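A short worksheet on the structure shown next.
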Amino acid sequence: GYNEAKRWIPVGERLPEIKKSEHWHGLKSDQILVKLKDGNCDIAFAYSSVIDGLKSVCFINKSTACLIKDVIEWREI
């Protein structure tokens, strides 16, 4: 709901819904806002893939397409 979209959600509590199929054998979330350990924020997508049976989730910067490390929280935009 509306209130959930405005709340920062710790990545340890729940990850974004990752459901859009991508050509590289993975799934992609809708655009989200992520907060980093240093307090900065970025607009990103969450990606999920399975490699050698292990599920992996990462956050990619919308503008630069670079991996974003140290994401602590996220929220819908």
Side-chain angles (χ1 to χ4, degrees):
Y2 176 79
N3 288 335
E4 185 70 9
K6 298 300 178 190
R7 181 176 82 87
W8 285 103
I9 302 167
V11 294
E13 179 182 315
R14 181 168 58 87
L15 292 170
E17 187 174 341
I18 303 171
K19 61 184 177 182
K20 293 181 182 177
S21 181
E22 291 291 303
H23 65 275
W24 56 273
H25 306 293
L27 298 175
K28 176 181 171 183
S29 72
D30 289 333
Q31 187 172 278
I32 56 174
L33 189 61
V34 295
K35 186 186 289 183
L36 312 180
K37 279 184 183 178
D38 65 8
N40 288 323
C41 295
D42 276 316
I43 296 173
F45 295 99
Y47 287 87
S48 175
S49 62
V50 178
I51 300 173
D52 295 332
L54 298 174
K55 184 177 180 180
S56 174
V57 174
C58 64
F59 297 92
I60 303 294
N61 183 290
K62 179 186 181 229
S63 300
T64 66
C66 292
L67 178 68
I68 303 172
K69 296 183 178 182
D70 299 326
V71 173
I72 58 169
E73 296 176 314
W74 67 275
R75 73 181 203 190
E76 295 176 1
I77 296 179

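Nothing here was measured: the structure is a model prediction, and the numbers come from that model. No hydrogens, no waters, no symmetry mates; every other heavy atom, side chains included, goes into these values.
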Side chain to side chain contact (heavy atoms under 4.5 Å, CB included) between I72 and W8: does it pass, once the steps are laid out? CA-CA 9 Å; I72 58 169; W8 285 103; over 6 Å; no

Is there a side chain to side chain contact (heavy atoms under 4.5 Å, CB included) between I43 and N61 once you walk through the steps? CA-CA 6 Å; I43 296 173; N61 183 290; over 6 Å; no

Show your working on side chain to side chain contact (heavy atoms under 4.5 Å, CB included) between D38 and D70 and close with a plain yes or no. CA-CA 8 Å; D38 65 8; D70 299 326; over 6 Å; no

Show, in sequence, the C-alpha distance, side-chain angles and deciding distance for F59 and L15, and conclude whether the side chain to side chain contact (heavy atoms under 4.5 Å, CB included) test is met. CA-CA 10 Å; F59 297 92; L15 292 170; 4.1 Å; yes

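Rounded to the nearest 0.5 Å, atoms NZ (K28) and NZ (K19) are 13.0 Å apart. Taken to the nearest 0.5 Å, the CD1 atom of I18 stands 10.5 Å off from the CG atom of D30. Atom CZ of R75 and atom CD1 of I32 lie 11.5 Å apart (nearest 0.5 Å).
Counting heavy atoms from C-beta on, the side chains of F45 and Q31 come closer than 4.5 Å.
Across S29 and E17, no two heavy atoms sit closer than the pair CB-O, 3.3 Å. Contact between I9 and E13 at its shortest, heavy atoms only, is CG2-OE2, 4.1 Å. Shown here for L36 and K69, the closest heavy-atom pair between the two residues is CD2-O, 3.7 Å. Nearest approach of S21 to L27, heavy atoms of both residues: CA-CD2, 3.8 Å. Residues W74 and P10 share a closest heavy-atom pair of NE1-O, 4.5 Å.
Here D42 does not pair with K62 in a salt bridge; the nearest charged N to carboxylate O distance is not below 4.0 Å.
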